[in-house]
Number of protein chains: 2
Amino acid sequence: MTEAARGTRGPGRRPGPTETREAILARARELFAEKGYDGASLRAIARAAGVDPALVHHFFGNKEGVFVEAMRFPVEPSVLLPRILAAPRDELGETMVRSFLLVWGDAERRARLLAMLRSAMTNERVAAMTREFLTSALFGRAGEVSGVPPLKVQAAVGHMIGVMILRYVLAVEPLASASEDELVRLLAPALQGYLG
Amino acid sequence: MTEAARGTRGPGRRPGPTETREAILARARELFAEKGYDGASLRAIARAAGVDPALVHHFFGNKEGVFVEAMRFPVEPSVLLPRILAAPRDELGETMVRSFLLVWGDAERRARLLAMLRSAMTNERVAAMTREFLTSALFGRAGEVSGVPPLKVQAAVGHMIGVMILRYVLAVEPLASASEDELVRLLAPALQGYLG
DNA sequence: GCTTGAATTCAACACATGATGAGTTATAAG
DNA sequence: CTTATAACTCATCATGTGTTGAATTCAAGC
């Protein structure tokens, strides 16, 4: 007898080693990135992972649990920040543009950042999480180390966030298809003004 | 007999002149601004307006109809743009910052812009609408009239959008409570760099 | 080779969503 | 005064949501 659809095989544990948990997280990241926290449903995540919704629940407790777990380290500031701040003071602008483009150019990390941003825009709790993350892990540290006043750091980061939205979310032309070098030439001077 | 709760009075048209349609639109704007397109439900809008969901339907056909109607003229570029472009060329930066702060400072207009932004971030169709609106009504005209290349205009607008998000959506301090003059001093030079 | 525990699905709950069709009351047009 | 049309609610549909409890199948510890 040919078994029906693959994966439609009753309850009970599956034989062999199990990696379902990671698979769920991967799909969760994709969906949170596409739709934001409220837009990505537990059931859609389960469906995408080929798994019963209750299993997602079993692993992560509730929807917020999935989100928190999926968002772990959207980007490690502890890795990225020193890399930026190590640059000579008169190249801070260019270095920052390049770092943003590097992170946002990588599909995996862009997904997490988009998820964070999309969710923060529409969900108050996620907005609070994001604010906390930004202030403590990014603005705080950056200002502390470099001596640049907070307002200027925030203006610089805000600038990059806005440009990333136009480029990656709204896909406005010609911004969306400009080359990395073009963007550096375009944006670095303004950032240098804030950080220099 | 004291009538029960106000507004809980059976079917049929209400006596006197009717302004319900406008009331619904007002509530719709508030909710779209708070939650975005997908987050704001037809039923919540109806509830907020003290009205049956079917009435919303009756007036606007479907949910997208409500949104389109509520978003009419989030900001009139035809009014704002000439005002900005009329400034002397070496004050374009400051004028633009002041214009953005003016529009975003007004609760009514901020609501529409937030609604647009929040919805565009999470809903593909609204993103398309927004892209269309931005390119035709804003980027196109602005570049055309002033002779500033599109990439630079977009960098400038992106900058302001990002800062507005940090200030009004994420409410990051000290950006969120900085005064208008502080912001002009902070941001005008960068914008002047793009537009001058 | 039992037994404990984890992985997995099923069935169901209570509730929210967008949409529809029919019915009721008022205004406006003839 | 009659009639048409607009405002308005009710009940209902089909579907989707997050969550729960029980049942089944496998993998390890003893």
Side-chain angles (χ1 to χ4, degrees), chain A residues 3-28 31-32 34-70 119 122-123 125-126, chain B residues 3-28 31-32 34-70 119 122-123 125-126:
Chain A
E3 298 296 355
R6 194 81 159 80
T8 320
R9 273 292 125 241
R13 186 171 187 154
R14 301 295 178 259
T18 170
E19 56 197 283
T20 318
R21 195 191 145 98
E22 290 310 312
I24 294 176
L25 279 181
R27 301 306 158 159
L31 283 176
F32 282 133
E34 272 177 47
K35 319 257 195 180
Y37 181 79
D38 300 290
S41 77
L42 257 198
R43 298 172 112 98
I45 293 173
R47 208 178 309 130
V51 138
D52 190 278
L55 186 59
V56 182
H57 232 265
H58 169 61
F59 277 133
F60 306 100
N62 54 26
K63 187 176 179 180
E64 196 166 324
V66 186
F67 185 76
V68 170
E69 198 70 12
S119 307
T122 43
N123 186 289
R125 302 203 44 165
V126 181
Chain B
E3 298 296 355
R6 194 81 161 81
T8 320
R9 276 289 123 243
R13 185 172 188 153
R14 303 295 179 258
T18 171
E19 55 198 280
T20 318
R21 195 193 147 98
E22 290 311 312
I24 294 177
L25 279 181
R27 302 306 159 160
L31 284 176
F32 282 133
E34 272 178 48
K35 320 258 195 181
Y37 181 80
D38 299 289
S41 76
L42 257 197
R43 298 170 112 99
I45 294 173
R47 208 178 309 130
V51 138
D52 191 278
L55 185 60
V56 182
H57 234 266
H58 168 61
F59 277 133
F60 306 99
N62 56 23
K63 188 176 178 179
E64 197 167 323
V66 186
F67 185 77
V68 169
E69 197 71 12
S119 307
T122 44
N123 187 289
R125 303 202 43 165
V126 180

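In what follows, chains are A, B, ... by sequence order, proteins preceding strands, each numbered from 1.
A:Phe32 and A:Ser119 get closest at one heavy-atom pair: O-OG, 4.5 Å.
The B:Phe59 side chain lies nearest to D:dC8 when the options are D:dC8, C:dG18, D:dT19. Here the side chain of A:His57 is nearest to one of C:dG18, D:dT19, C:dA7, namely D:dT19.
Residues satisfying the salt bridge (charged side-chain N to carboxylate O under 4.0 Å, His left out) test with A:Arg125, not counting sequence neighbours, are A:Glu64. In this structure A:Arg27 satisfies the side-chain hydrogen bond (donor to acceptor under 3.5 Å, both in side chains) test with no other residue, sequence neighbours excluded.
The phosphate of D:dC26 has neither OP1 nor OP2 within less than 4.0 Å of any side-chain N or O from A:Thr18. Between A:Arg47 and D:dG16 there is no side-chain polar atom (N or O) within less than 4.0 angstrom of OP1 or OP2. For A:His58, a side-chain nitrogen or oxygen approaches OP1 or OP2 of C:dA7 to under 4.0 Å. Residue A:Thr20 places none of its side-chain N or O atoms closer than 4.0 Å to OP1 or OP2 of C:dA7.
Following rounding to the nearest Å, A:Leu55 (CG) and D:dT25 (P) show an atom-to-atom distance of 17 Å. Atom CG in A:Asp52 sits roughly 14 Å away from atom P in C:dA12 (whole-Å rounding). One interatomic measurement links the two molecules: CG of A:Asn62 to P of D:dG21, which rounds to 14 Å at whole-angstrom precision. Atom-to-atom, CD of A:Glu19 to C1' of C:dA6 comes out at 16 Å; the value is rounded to the nearest Å. Here D:dG18 presents its C1' atom at 16 Å from CZ of A:Phe60, a figure rounded to the nearest Å. Whole-Å rounding puts the A:Asp38 CG to D:dG16 P distance at 18 Å. Atom C1' of nucleotide C:dT8 and atom CZ of A:Arg21 are separated by 15 Å, given to the nearest angstrom. Residue B:Ile45 contributes atom CD1, which lies 15 Å from atom C1' of C:dA19 at whole-angstrom precision.
Contact annotation for B:Leu42: backbone-only contact, meaning every heavy-atom pair under 4.0 Å involves sugar-phosphate atoms and none involves a base.
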Validation: residues 40-61 of chain B side-chain donor-acceptor distances under 3.5 Å, sequence neighbours left out:
from    : atom 1 : to      : atom 2 : distance (Å)
B:Ser41 : OG     : B:Ala44 : N      : 2.9
B:Asp52 : OD1    : B:Ala54 : N      : 2.8
B:His57 : ND1    : B:Gly61 : O      : 3.1

Inset, instruction - Starting from the C-alpha separation in whole Å, work towards a yes-or-no answer on side chain to side chain contact (heavy atoms under 4.5 Å, CB included) for B:Leu25 and B:Glu22. - result: CA-CA 5 Å; B:Leu25 279 181; B:Glu22 290 311 312; 4.2 Å; yes

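Note: A:Tyr37 and A:Phe67 have perpendicular aromatic rings, judged against thresholds of 30 and 60 degrees for the angle between ring planes.
For the pair A:Arg43 and A:Val51, nearest-nucleotide mapping onto DNA chain C gives the more 5' position to A:Val51.
Atom NZ of B:Lys35 is surrounded by 12 or fewer heavy atoms from other residues, nucleotides or ligands within 6.0 Å.
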Are there any protein N/O atoms within less than 3.5 Å of an N/O atom in nucleotides 25-28 of chain C, and if so, which ones and at what distance?
from   : atom 1 : to      : atom 2 : distance (Å)
C:dT25 : O2     : B:Arg13 : N      : 3.0
C:dT27 : OP1    : B:Gly16 : N      : 2.6

